[in-house]
Q: 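Once you've had a glance at the structure underneath, I'll fire off some questions.
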Amino acid sequence: MARTHYAAELNASHLGKTVFVAGWVDHRRDHGGLIFVDVRDRTGLVQIVAEPGNPGFLELDRVRSEYVVGIEGVVRKRPQGMVNPDLASGDVEVVPVAVTVYSTSKTPPFNLSEAETVDESLRLKYRYIDLRRPELTRNLILRNQSLMAIRQFFHRNGFLDIETPSLARSTPEGARDFLVPSRTRPGAFYALPQSPQIFKQLLMVGGLDRYYQIAKAFRDEDLRADRQFEFTQIDVEMSFVDRETILSLMEDMLRDLFLNVLQVELAPFVRMTWHEAMMQYGSDKPDLRAGRPLITLTQAAKGVSWPVLSQARHVVGVLLNDYKPSRKELDQWVAMARDDGAEGLVWLMHEDTGVRCSASKWLVPQDIQVILDAADSKPGDTLLILSGEDFAVYEIAGRLRLSLAKQQGRIESGWRFLWVTEFPLFEWSKEENRLASAHHPFTMPVLADLDRLDSDPLSVRSQAYDVVLNGTELASGSLRIYQPDIQQRIFSALGMSAKEAQNKFGFLLEAFQYGAPPHGGIAFGLDRLLMLMAGTESIRDVIAFPKTARGNDPLMDAPSEVSEHQLAEVHLSLRR
RNA sequence: GGUCCCGUCGGUUAGUGGCCUAAGCCGCCGCGUUGUCAGCGCGGAGAUCAGGGGUUCGAAUCCCCUCGGGACCGCCA
């Protein structure tokens with residue numbers, strides 16, 4: 001006999017029907033003459049009840065937690081007062097006609113009901129048990145619903161789902177590659193793609209026009225709560241479009257996703273340039289939920305008598321509306337700012353009767369008034385001020401703003417999406433002592449900035465954009481370079497000789513000589529997006545079989561050693 | 001590569017130099033229980049205190065190393 005209903009589907013509409021439910025024993029309650037068994041499947045629970053003389057009584061008497069059972073039985077209404085409002089099927093129960101025990105189970109290594117507190121590596125080792133928990137089951141169902149909605153959206157909009165290789169070529173720039181030794185070409189290696197970036201650009205040259213893929217990407221960098229070695233991207237590329245078309249389409253995609261899966265209507269996304277984001281939030285991924293933006297006080301401070309403020313190139317304020325901190329908190333914040341690299345932190349407590357200020361020795365009342373006015377501070381507010389020569393004071397102020405909001409529970413709820421645009425094209429790599437691409441080397445510069453490519457490359461803006469949600473970077477994209485000459489100039493700005501560029505990206509430069517369309521795209525971190533949608537703290541909660549923070553898989557015990565024979569086949573020997 | 005935290009019955013916690021023959025709760029096993037749903041009652045089993053080395057009359061407890069786990073910094077175009 002086969003399953004006729006899922007557990008949580010059963011309700012008063014099935015009264016009197018004979019059904020077949022199957023699943024795992026969640027819990028057994030034995031009253032001697034009366035046995036209750038909760039059967040669990042991926043939808044939830046249903047209660048089975050049997051009295052002595054019931055044809056399934058002896059089987060139900062011997063089942064234990066996590067046994068696998070199939071129950072044919074009749075749905076009946078629970079007696080008066082015995083309804084369980086916490087269960088979807090709580091109005092009814094099933095009286096067995098026949099009970100089959102398919103599998104027994106050893107005592108589970110941890111209690112499913114208190115798994116939240118159990119060491120995660122143990123749960124990963126027994127992931128197949130952990131997955132039976134409603135929370136994880138729900139996350140994987142959410143993942144499936146999301147994938148379906150996303151695929152349908154792209155299908156409706158004329159995109160082609162095209163697969164790209166997992167065995168690719170190692171490329172310079174970017175993250176550390178996962179290498180795969182070649183058997184057929186001794187001493188050579190494939191690399192697992194850090195993203196399908198180059199392939200999707202070649203698809204545009206190939207005329208496929210609108211491409212998307214739910215693709216695995218691989219980066220051999222240290223893991224974090226929101227980072228795994230391998231992760232899933234929603235990868236998109238389009239030809240013959242302007243930036244606006246891409247941004248509004250992707251906004252539609254997310255709106256469609258949230259409406260379909262979470263029944264949430266998203267507000268239009270906020271837009272700001274990278275420069276605005278840095279000035280207002282000290283971050284390229286602002287969390288708009290964490291209170292008001294930073295306040296630039298540089299101009300106002302010019303007039304005060306204290307050189308620490310008046311002479312500083314940057315003076316930034318964090319205003320806490322209607323908050324009166326304790327002395328201990330103030331000291332803690334000063335220490336926090338110092339630890340973060342600030343030279344100091346000045347605080348002003350704006351009270352009805354006057355102002356208390358940590359720098360009252362140096363600031364006359366008139367100075368203080370000028371600053372409070374510039375910050376639009378009202379009595380009851382507290383103003384924190386950082387100053388310095390380096391633009392980094394904005395970043396320090398931004399982190400302070402965020403951690404204070406968290407500390408004080410001032411993070412608002414909601415889905416605060418925004419676009420950050422016009423990122424710098426380059427950033428300075430201290431490690432390699434050269435320019436590096438901020439996004440990737442195929443990003444189109446703002447053409448008006450191109451004449452500064454040699455004289456002031458760090459000021460060159462790019463036509464790149466990010467989607468940010470609640471302080472998390474969800475997606476990154478750009479219009480791409482499709483002109484070989486511009487691409488060559490970028491490579492050389494990155495310190496790559498023409499010969500080197502030819503050697504590493506010759507195939508791409510060559511492709512662009514055979515008719516490259518203008519194109520651009522974006523890639524979303526699907527796991528992070530799902531993590532936020534599921535309301536969890538780690539992307540491991542939305543991945544069926546994740547790895548630990550050190551990149552181990554406790555379930556398969558990967559990575560593992562391999563035999564000498566296997567090594568020899570791929571022409572490797574281990575260094576001692 | 002770095003900083004910090006953690007490792008005690010199957011799970012989760014207590015124990016921070018002698019009172020530890022290592023305690024509680026959940027789970028497990030046995031008996032009893034006809035309306036439970038975190039079932040209840042009674043009884044029982046279960047721990048070389050992650051591993052190794054050291055200090056000490058004496059170590060779960062202090063020190064060192066290794067292994068494993070977590071968070072963060074670096075890194076993640």
Side-chain angles (χ1 to χ4, degrees), chain A residues 26-40 45-54 57 64-66 78-87 89-90 93 105-126 129-130 171-177 193-195 197-198 217-229 231 339-341 399 403 423-427 429-432 434-443 462 464 473 476-478 490 494 496 505 523 525 528 537-538 540 547-552 554 557:
Chain A
D26 188 74
H27 200 71
R28 173 176 165 276
R29 294 175 294 277
D30 179 0
H31 291 250
L34 183 69
I35 297 175
F36 298 99
V37 171
D38 291 337
V39 171
R40 177 195 341 108
L45 304 178
V46 68
Q47 175 168 282
I48 314 297
V49 59
E51 299 181 1
N54 181 289
F57 186 84
R64 296 293 182 268
S65 290
E66 305 309 318
R78 290 195 186 194
Q80 191 79 32
M82 301 302 160
V83 164
N84 184 345
D86 296 333
L87 291 186
S89 64
E93 57 194 7
S105 170
K106 301 209 295 188
T107 300
F110 56 90
N111 297 355
L112 258 71
S113 58
E114 51 186 47
E116 294 292 346
T117 63
V118 173
D119 184 68
E120 195 178 2
S121 67
L122 184 75
R123 284 164 36 205
L124 287 177
K125 179 172 180 184
Y126 297 98
I129 298 175
D130 206 21
T171 53
E173 299 283 312
R176 189 179 295 115
D177 283 321
Q194 297 174 27
S195 80
Q197 182 61 37
I198 293 175
F218 305 86
R219 295 176 188 175
D220 190 2
E221 298 290 348
D222 288 355
L223 297 83
R224 288 283 193 283
D226 64 352
R227 269 161 40 190
Q228 286 268 305
F229 281 153
F231 59 100
D339 287 347
D340 203 17
R399 284 190 286 267
S403 44
F423 280 75
L425 189 63
F426 302 111
E427 55 198 19
S429 167
K430 279 183 208 153
E431 205 165 275
E432 298 178 66
R434 64 170 182 90
L435 289 179
S437 291
H439 183 48
H440 57 55
F442 319 112
T443 305
S462 72
E473 178 194 321
S476 236
S478 63
I490 300 298
L494 290 169
M496 219 185 282
F505 293 111
R528 278 187 196 173
E537 298 288 315
S538 161
R540 296 189 291 268
K547 293 185 175 50
T548 67
R550 291 186 196 184
N552 294 322
D557 193 21

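Just so it is clear: chains get the letters A, B, ... in the order the sequence lines come, proteins before strands, and each one is counted from 1.
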Q: Reckon A:Arg64 has a side-chain N or O less than 4.0 Å from the OP1 or OP2 of B:C29?
A: yes

Q: So, under a plain 3.5 Å distance rule, would you say the side chain of A:Asn552 forms a donor-acceptor pair with the base of B:G68?
A: no

Q: I need the CG-P distance between A:Asp222 and B:G69, as an integer number of Å.
A: 13 Å

Q: To the nearest Å, give me how far apart CZ (A:Arg28) and P (B:C26) are.
A: 17 Å

Q: Between B:U66 and B:C42, how far apart are the C1' atoms? Round to whole Å, please.
A: 47 Å

Q: So, OP1 or OP2 of B:G69: does either fall under 4.0 Å of a side-chain N or O from A:Thr548?
A: yes

Q: Is there a donor and acceptor pair closer than 3.5 Å between the side chain of A:Glu93 and the base of B:G35?
A: yes

Q: In whole angstrom, what separates A:Asp86's CG from B:C37's P?
A: 12 Å

Q: When you compare B:A60 with B:C9, how far apart are their C1' atoms, in angstrom units rounded to a whole number?
A: 14 Å

Q: So that I can tick it off, tell me whether A:Arg227 and A:Asp222 are bridged by a salt bridge, with the cut-off set at under 4.0 angstrom between side-chain N and carboxylate O.
A: no

Q: Could you tell me which non-hydrogen atom of A:Asn84 sits nearest to which non-hydrogen atom of A:Arg78, and how far apart they are?
A: CB-NH1, 3.5 Å

Q: Has the side chain of A:Asp38 got a donor or acceptor atom sitting under 3.5 Å from an opposite partner on the base of B:C37?
A: no

Q: Are side-chain N/O atoms of A:Asn111 and A:Ser113 paired as donor and acceptor at under 3.5 Å?
A: no

Q: Can you tell me the distance, in whole Å, between the NE2 atom of A:His31 and the P atom of B:U33?
A: 13 Å

Q: P atom, B:C25 versus B:U3: distance in rounded Å?
A: 42 Å

Q: Run through A:Val37, A:Asp38, A:Ile35 and flag the one making a side-chain contact (heavy atoms from CB on, under 4.5 Å) with A:Arg29.
A: A:Asp38

Q: Less than 4.5 Å apart, side chain to side chain, heavy atoms only: is that true for A:Ile490 and A:Phe442?
A: no

Q: Please confirm whether any donor atom in the side chain of A:Arg219 sits under 3.5 Å from an acceptor in the base of B:C75, or the reverse.
A: no

Q: Does a distance-only test, which skips hydrogens and angles, find a donor-acceptor pair under 3.5 Å between the side chain of A:Arg78 and the base of B:U36?
A: yes

Q: Taking side chain as C-beta onward, heavy atoms only, is A:Pro108 less than 4.5 Å from A:Arg64?
A: no

Q: Protein-nucleotides 12-15 of chain B N/O pairs closer than 3.5 Å?
A:
| unit_1 | atom_1 | unit_2 | atom_2 | d |
| --- | --- | --- | --- | --- |
| B:U12 | OP1 | A:Asp119 | N | 2.9 |

Q: Donor-acceptor pair under 3.5 Å: do we get one between A:Arg550's side chain and the base of B:G69?
A: yes

Q: Could you state the atom-to-atom distance from CD1 of A:Ile129 to C1' of B:G11 in whole Å?
A: 12 Å

Q: Please measure how far the C1' atom in B:A45 lies from the corresponding atom in B:G52, and state the result in whole Å.
A: 31 Å

Q: For A:Ala549 and A:Phe442, take the nucleotide of RNA chain B holding the closest heavy atom to each; which residue's nucleotide lies nearer the 5' end?
A: A:Ala549

Q: Work out how far the P atom of B:C62 is from that of B:G41, and round it to whole angstrom.
A: 38 Å

Q: Protein within reach of the bases, or only the backbone? For nucleotides 45-51 of chain B, mark each nucleotide 5' to 3' as B, S or -, using heavy atoms under 4.0 Å.
A: -------

Q: Heavy atoms from C-beta onward define the side chain here; which of B:U36, B:G27, B:G69 lies closest to that of A:Thr107?
A: B:G27

Q: So, under a plain 3.5 Å distance rule, would you say the side chain of A:Arg224 forms a donor-acceptor pair with the base of B:G74?
A: yes

Q: Distance check, rounded to the nearest 0.5 Å: A:Arg399 atom CZ versus A:Asp340 atom CG?
A: 4.0 Å

Q: Between A:Arg227 and B:C73, does any side-chain N or O lie under 4.0 Å from OP1 or OP2?
A: no

Q: In whole Å, I'd like the distance from the CG atom of A:Leu223 to the P atom of B:C73.
A: 14 Å

Q: Mapping A:Ser65 and A:Arg176 onto RNA chain B by nearest heavy atom, which one lands closer to the 5' end?
A: A:Ser65

